[in-house]
Amino acid sequence: MRLSALLIRLVAFGIAAGGSLAAARTTVTVVEERSVIAVQETLVDQGYEWASVLGDGLQVILEGEAPSEAVRFRAISAAGEMVDASRVIDNLSVADSEVLAPPEFAIEILRNDRGVSLIGLIPATTDRERLADRITDIADDLPVTDLLEVGDYPVPETWDNALNYSLRALELLPRSKISVYAQRVAVEAISDSPEEKRQLETALARNPPEGVRRAISISAPRPVISPFTTRFVIDDAGPHFDACAADTEEAMQMILAAASEAGFRDRANCTLALGAPSRSWAEAVSLSISAIGELGGGTVTVSDTDVTLVAPLGTGQGTFDNVVGELQNALPEAFALSSELPVAQEVSTEGPPQFTATLSPEGQVQLRGRVPDDVTNTVAKNYATAKFSEERITMGTRLADGLPAGWSVRVLAGIEALSELSNGAVVVEPEKIQIRGNTGNQDASARISRLLIDKLGQGAIFEIDVTYVEQLDPIAGLPTPEECVEQIKIVTENRKITFDPSSADISASAQAVVDDIAEILKRCGDLRIRVAGYTDSQGREEMNLNLSQQRAESVLTALRARRVPVGTFKAIGYGEADPIADNDTEEGREANRRIEFSLIVPEPIAEETSTLDALAEEALEDTAPQDAPETEDDSDSATE
């Protein structure tokens, strides 16, 4: 009986224990599931979808690959906000970091009257000392601010090309901003005049860097035109401008729109300039052009605030009066109109008196025709001499009576107009002046038009037929540096620059060769030229090196004496290095004694000076100059 009661108690205890264990397991499962769900929802809400959550009893296990260490830490913190942080088990991994792209090499260069400043990132392989020396030379004793940083990253292939082109541009542009990138160079600069702007643009267009795009923007101050003039003509050649000036882009577009309505279809060489007499300039010009468009021909000249309209021969009086009246009332208040309806003149049997001035392509000037007296004849000759030169003038004039009033002024104006041409002719008649020919100045027509208006008055009738020829343009027609060196090769192909025996003095027979080379270089503009001297192998090497250096410098001195700008030239003697023929024969030694001209192409800053130059300069530093070089290199030197 007592045993049964004990058994009952034990069974009851076992049942209670089993129930408690089952309840505990159920509770843990519920807590685990709720914790996992809560943490998973939080991670998803915060953008951590890549993380998965597992439960292990009361522990929460995070698995997955975080994109970065910072993101992994934020995911663990988010989980710790939902359950006790001690229950969070971190099984997260972190993705490998992407390889960082190297920064772009770039330099911003600013140059003005206060010096040069540089800021940017350059390759670690750059020769900083050489770069600094070159910038210092360009700055011309002005301060240089160097804020360049260095990066040890792969250097793009075109970086050196871009950098050296930029330094060449910096040397030409005293007021500029140059942005240098491996694939692109952007140049912004200010010039002193439109002519200098064209010169700089031509120079920068030479030797473009291979594989590098260029963006060049050079501004120039607007010219001041006085009188401010536009002249529009409709004649047998069709509508055209003899002169065109505008004060703003909007004014230019308004003028060209009116010309287009009148039938003008060519490209107008209108000049944006200062000096417009009124803000209504474009309106006055447009109305005037429209007026002769209605007449179907004629000439209109707007000079400052004076408007002169000349109708075509044969215009009806009624049509003339209507057009002139409408224009008179439509012109802005500041402008005054004068008009003329030409009447056919009776022509004598001898024809109208004429004076002609012609300029040949070779520069010869002939003056022919009628002049009223000896004084006018002498003045015309002296005036032509001043504009050209006395040895080029041929006089074929004759004295005549009955010439129109103002004939002398018309003759002198014609001669001055001729001086604006490269070649051509001027015909002066009582009723008009004709100017035709070729020129290398794009503004020649406008200049001639303003000149004749200034000399002969608003009502002057003249015809200008001037053609711009690029080859005659002293700027655009400049030969390229390569063409210049090629021309020197042609000149020296069968002639040599020779020297007195064992001397650096250029021989008398070689002076003509130097003259020809100087003439070529004068036409070539700003060049960087290397004048290299070479000898044969006879004599001591050091003495030959000194002699070649002295001879190269003698050639440079001779060119300077002939007014060649040699500031960018460099004379280098290489002695017996780099022979072009066999030194064992007299013919070979003669060929090796030479002077060569070549372009100096800026070497990449990251590279060392060429071995040949380095050896030559090192040897010269170790050798004292001597007045009488002891060498058997005894006669001629060279040519290219």
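Counting from 1, the numbers follow the sequence of the chain as shown. Atoms considered below: every heavy atom in the structure, side chains included; atoms not considered: hydrogens, waters and symmetry mates.
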| query | Are Glu108 and Ser179 close enough, and set up right, to give a side chain to side chain donor-acceptor pair (under 3.5 Å), and what steps lead you there? | reply | CA-CA 5 Å; Glu108 289 285 342; Ser179 302; 2.9 Å; yes

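- Side chains of Lys455 and Glu416 form a contact here, defined as non-hydrogen atoms less than 4.5 Å apart.
- With contacts defined as side-chain heavy-atom distances shorter than 4.5 Å, the pair Phe232/Thr299 does not qualify.
- The shortest side-chain heavy-atom distance between Ile415 and Leu367 falls under the 4.5 Å cut-off.
- Taking CZ from Phe597 and CD1 from Ile517, the interatomic distance works out to 4.0 Å, rounded to the nearest 0.5 Å.
- Within the model, atoms CG of Leu204 and CD1 of Ile218 stand 5.0 Å from one another, a figure rounded to the nearest 0.5 Å.
- Of the possible donor and acceptor atoms, none in the side chain of Asp247 sits under 3.5 Å from a partner among the backbone N and O of Ala276.
- Under the side-chain contact (heavy atoms from CB on, under 4.5 Å) criterion, Pro332 pairs with Ser280, Glu283, Ala284, Leu287, Phe335, not counting sequence neighbours.
- In this structure, the side chain of Asn329 engages the main chain of Gly325 through a donor-acceptor pair within 3.5 Å.
- Atom-to-atom distance recorded for Ile529:CD1 and Glu596:CD is 12.5 Å, nearest 0.5 angstrom.
- With respect to Glu201 and Lys197, a salt bridge is recorded, a charged nitrogen being found less than 4.0 Å from a carboxylate O.
- Residues that satisfy the side-chain contact (heavy atoms from CB on, under 4.5 Å) test with Arg184, not counting sequence neighbours, are Tyr181, Ala186, Arg213.
- Taking 4.0 Å as the cut-off between side-chain N and carboxylate O, Lys432 and Glu429 do not count as a salt-bridged pair.
- Pairs engaging residues 355-364 under the salt bridge (Lys or Arg N to Asp or Glu O under 4.0 Å) rule: none recorded [sequence neighbours left out].
- Side-chain contact between Asp465 and Ile435 is absent, with no heavy atoms from C-beta onward closer than 4.5 Å.
- With salt bridges taken as basic N to acidic carboxylate O contacts below 4.0 Å, one links Arg528 and Glu171.
- Not one N or O on the side chain of Arg368 forms a donor-acceptor pair closer than 3.5 Å with the backbone of Ala357.
- The structure places CG of Leu412 at 10.5 Å from CG of Asn382, a figure rounded to the nearest 0.5 Å.
- Scanning all heavy atoms of the two residues, the minimum distance from Leu359 to Ser422 falls at CD2-O, 3.5 Å.
- The ring-ring contact (aromatic ring centres under 6.0 Å, His included) search around Phe264 returns Phe241, not counting sequence neighbours.
- Counting only residues at least two apart or in different chains, salt bridge (Lys or Arg N to Asp or Glu O under 4.0 Å) contacts with residues 371-397 are absent.
- The disulfide (SG to SG under 2.5 Å) pairs that include a residue from residues 394-447 number zero, where partners must be two or more places apart or lie in different chains.
- Looking at Asp454, its side chain never comes within 3.5 Å of a backbone N or O of Arg450 through a donor-acceptor pair.
- Pairs passing the side-chain hydrogen bond (donor to acceptor under 3.5 Å, both in side chains) check and including a residue from residues 217-231, sequence neighbours excluded, read Arg231-Asp242, Arg231-Thr301.
- Residues Leu173 and Val187 meet the side-chain proximity criterion, which asks for heavy atoms closer than 4.5 Å.
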| request: Report the C-alpha separation of Asp321 and Gln317 in whole Å, then their side-chain angles, then the decisive distance to 0.1 Å, and conclude whether the side chain to side chain donor-acceptor pair (under 3.5 Å) test is met. | output: CA-CA 6 Å; Asp321 291 340; Gln317 185 68 52; 2.9 Å; yes

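- Separating the CD atom in Gln199 from the CG atom in Leu172 is a distance of 10.5 Å, to the nearest 0.5 Å.
- The salt bridge (Lys or Arg N to Asp or Glu O under 4.0 Å) check on Asp516 picks up Arg495, with sequence neighbours excluded.
- In this structure, the side-chain contact (heavy atoms from CB on, under 4.5 Å) partners of Arg175, at least two apart in sequence or on a different chain, are Asp113, Ile190, Asp192.
- For residues 559-568, every residue pair satisfying the salt bridge (Lys or Arg N to Asp or Glu O under 4.0 Å) rule, not counting sequence neighbours, is listed here: Asp515-Arg562.
- Under the 3.5 Å distance criterion, with hydrogens and angles disregarded, no donor-acceptor pair is assigned to the side chains of Asn423 and Ser360.
- Listed by first and then second residue, the salt bridge (Lys or Arg N to Asp or Glu O under 4.0 Å) pairs involving residues 434-448 are Glu420-Arg447 (not counting sequence neighbours).
- Listed by first and then second residue, the disulfide (SG to SG under 2.5 Å) pairs that reach into residues 228-279 are Cys244-Cys270, sequence neighbours excluded.
- Using modelled atom types, no side-chain atom of Ser449 and backbone atom of Ser445 make a donor-acceptor pair closer than 3.5 Å.
- Put simply, the side chain of Ile289 reaches to within 4.5 Å of the side chain of Ile255, judged on heavy atoms.
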